[in-house]
Amino acid sequence: MICQKCGTLVPDGKIYCEKCGSAIQMVPDYNPEEDFTIGSDERKTEEENQAAKQPWWYRYRYGILGVCLVLLGGTAFGSAYRHMADPEDTLTEPEVVELLKRPQFGVQPGTYNYSPMLTLSHEEEAQGEIYYTIDGTTPDRNSSPYQGAISIGEGTTVVRAVFVRYDGVFSEEAVGTYEVVFDYPDEPVFSVPAGSYEHSFSVTMTTEEGCRIYYTTNGEEPGYDSKLYRGAVYIPYGLTVLQAVAVDEDGGMSGIVEAVYDVSGQQVPLVEEPPPEVQEDAVIP
């Protein structure tokens, strides 16, 4: 044993320390914390034995419950966020109405050197009406109703058409682009240029092969109802305004060419009489 006072080793059987003379305490001091610790260890061992008898999920029940709550909250938050971000998803989708077939064009879209007459048709035209536009706007019931062939003029024309049945059902839209480019003939060419002259003379005119020339000498614009050129035109004494146009076989007309002749000198009769001018009604071939 060890002396509690000086720490000297005391042989067994001695009841006092030979060094300091202090009595040796044979029974150790009571420590209440040791009793508490011993009791706690016994209770802990008993609880561990009881827990070992429970199913595995019972021991982790609080953790499992926490995970389930976290997943449930995340799912609810995600659903609410989607509805807030895209409210249209919560709206009821309108009923989809199937459209009817689009109207048919009688003349295929494309490029032409004449003015085509466009017809429109639909397989159910007896049960509704066709509406169309030529200004690029979307056709509806307020647009022009189709009542006959549509004349496509020069330039670019976009035709849009829909069929509307009497019960209000619309068809798909038909769209066609037409490019009309006229091939105009060249202007006639005069053999004598405009100017002042001292005596009368005759003027011949030439143009493309297959074209006719119509002309006037009174200042009026020439057209289909003007004089048809058949030979040299006699320019008498005085002031003459000669105008002419060329017309091709398709009716295309050139620009107007003009020449002003001022014959102010003495009029000299020609050796040969100028060919007679034949006045005929213009007939477009």
Side-chain angles (χ1 to χ4, degrees), residues 107 109-119 133-136 144 147-159 176-285:
V107 178
T111 302
Y112 298 86
N113 59 2
Y114 63 92
S115 294
M117 299 298 292
L118 175 62
T119 57
T133 63
I134 57 175
D135 58 359
S144 300
Q147 297 177 340
I150 305 168
S151 178
I152 306 299
E154 185 178 10
T156 301
T157 302
V158 179
V159 181
T177 301
Y178 297 86
E179 185 77 22
V180 177
V181 180
F182 292 140
D183 186 13
Y184 294 106
D186 295 334
E187 297 176 352
V189 177
F190 296 161
S191 61
V192 180
S196 299
Y197 297 89
E198 295 182 355
H199 56 79
S200 57
F201 53 90
S202 294
V203 178
T204 59
M205 307 179 201
T206 56
T207 188
E208 298 178 23
E209 184 178 356
C211 295
R212 293 185 177 186
I213 298 176
Y214 296 92
Y215 72 96
T216 62
T217 57
N218 57 1
E220 295 181 357
E221 291 188 359
Y224 299 116
D225 56 349
S226 301
K227 294 179 180 180
L228 176 64
Y229 175 76
R230 294 182 178 276
V233 178
Y234 181 65
I235 304 300
Y237 176 80
L239 188 66
T240 301
V241 180
L242 179 62
Q243 294 180 302
V245 294
V247 179
D248 61 19
E249 296 177 351
D250 296 325
M253 182 180 293
S254 72
I256 299 174
V257 62
E258 176 184 286
V260 178
Y261 301 106
D262 182 10
V263 180
S264 57
Q266 184 178 1
Q267 184 170 355
V268 178
L270 296 178
V271 177
E272 296 182 2
E273 292 294 330
E277 298 177 358
V278 179
Q279 175 68 43
E280 296 183 1
D281 292 336
V283 178
I284 301 176

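Numbering starts at 1 and runs along the sequence shown.
The minimum heavy-atom distance between Y229 and A232, with the atom names listed, is OH-N, 3.7 Å. Residues Y215 and S226 share a closest heavy-atom pair of O-CB, 3.6 Å. Annotation for V245 and G255: closest pair CG1-O, 3.9 Å, computed over non-hydrogen atoms. Minimum heavy-atom separation, T119 to A149: CG2-CB, 4.0 Å. Scanning both residues, A246 and T207, for their nearest heavy atoms gives CB-OG1, 3.3 Å. Contact record, T177 with P109: O-CB, 3.4 Å, taken as the closest heavy-atom pair.
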Can L242 and T217 be said to form a side-chain contact (heavy atoms from CB on, under 4.5 Å), step by step?
CA-CA 5 Å; L242 179 62; T217 57; 3.8 Å; yes
Checking side-chain contact (heavy atoms from CB on, under 4.5 Å) for the pair V180/T157: CA distance, chi angles, key distance, verdict?
CA-CA 8 Å; V180 177; T157 302; over 6 Å; no
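With rounding to the nearest 0.5 angstrom, the CD atom of E179 is 9.5 Å from the CD atom of E154. Between Y237 atom OH and S264 atom OG the span is 6.5 Å, to the nearest 0.5 Å. Remark: E209 CD to T206 OG1 distance equals 12.5 Å, nearest 0.5 Å. Of the inter-residue distances, the one linking E208 atom CD with I213 atom CD1 reads 10.5 Å to the nearest 0.5 angstrom. Residue D262 holds its CG atom at 11.5 Å from CD1 of I235, rounded to the nearest 0.5 Å. Summarising the geometry, atom OG1 belonging to T156 is positioned 13.0 Å from atom CD1 belonging to I134; distances are rounded to the nearest 0.5 Å.
Between Y178 and V107, the closest side-chain pair of non-hydrogen atoms falls below 4.5 Å. Two residues are said to be in side-chain contact when any heavy atoms from C-beta on lie closer than 4.5 Å; I152 and V159 meet this criterion. At a threshold of 4.5 Å between non-hydrogen side-chain atoms, the residues R212 and L228 count as touching.
Between F201 and Y261, the angle of the ring planes goes over 60°, which puts this pair in the perpendicular group of the 30/60° scheme.
Considering only residues two or more places apart in sequence or on other chains, F190 meets the ring-ring contact (aromatic ring centres under 6.0 Å, His included) condition with none of them. Applying the side chain to side chain donor-acceptor pair (under 3.5 Å) test to S191 and every residue at least two apart in sequence or in another chain returns T204. Residues that satisfy the side chain to side chain donor-acceptor pair (under 3.5 Å) test with S115, not counting sequence neighbours, are absent from this structure.
Under a cut-off of 6.0 angstrom, the local environment of CG in N218 is crowded, with over 12 non-hydrogen atoms contributed by other residues, nucleotides or ligands.
Side chain of Q243 to backbone of I256: no donor-acceptor contact under 3.5 angstrom is found.
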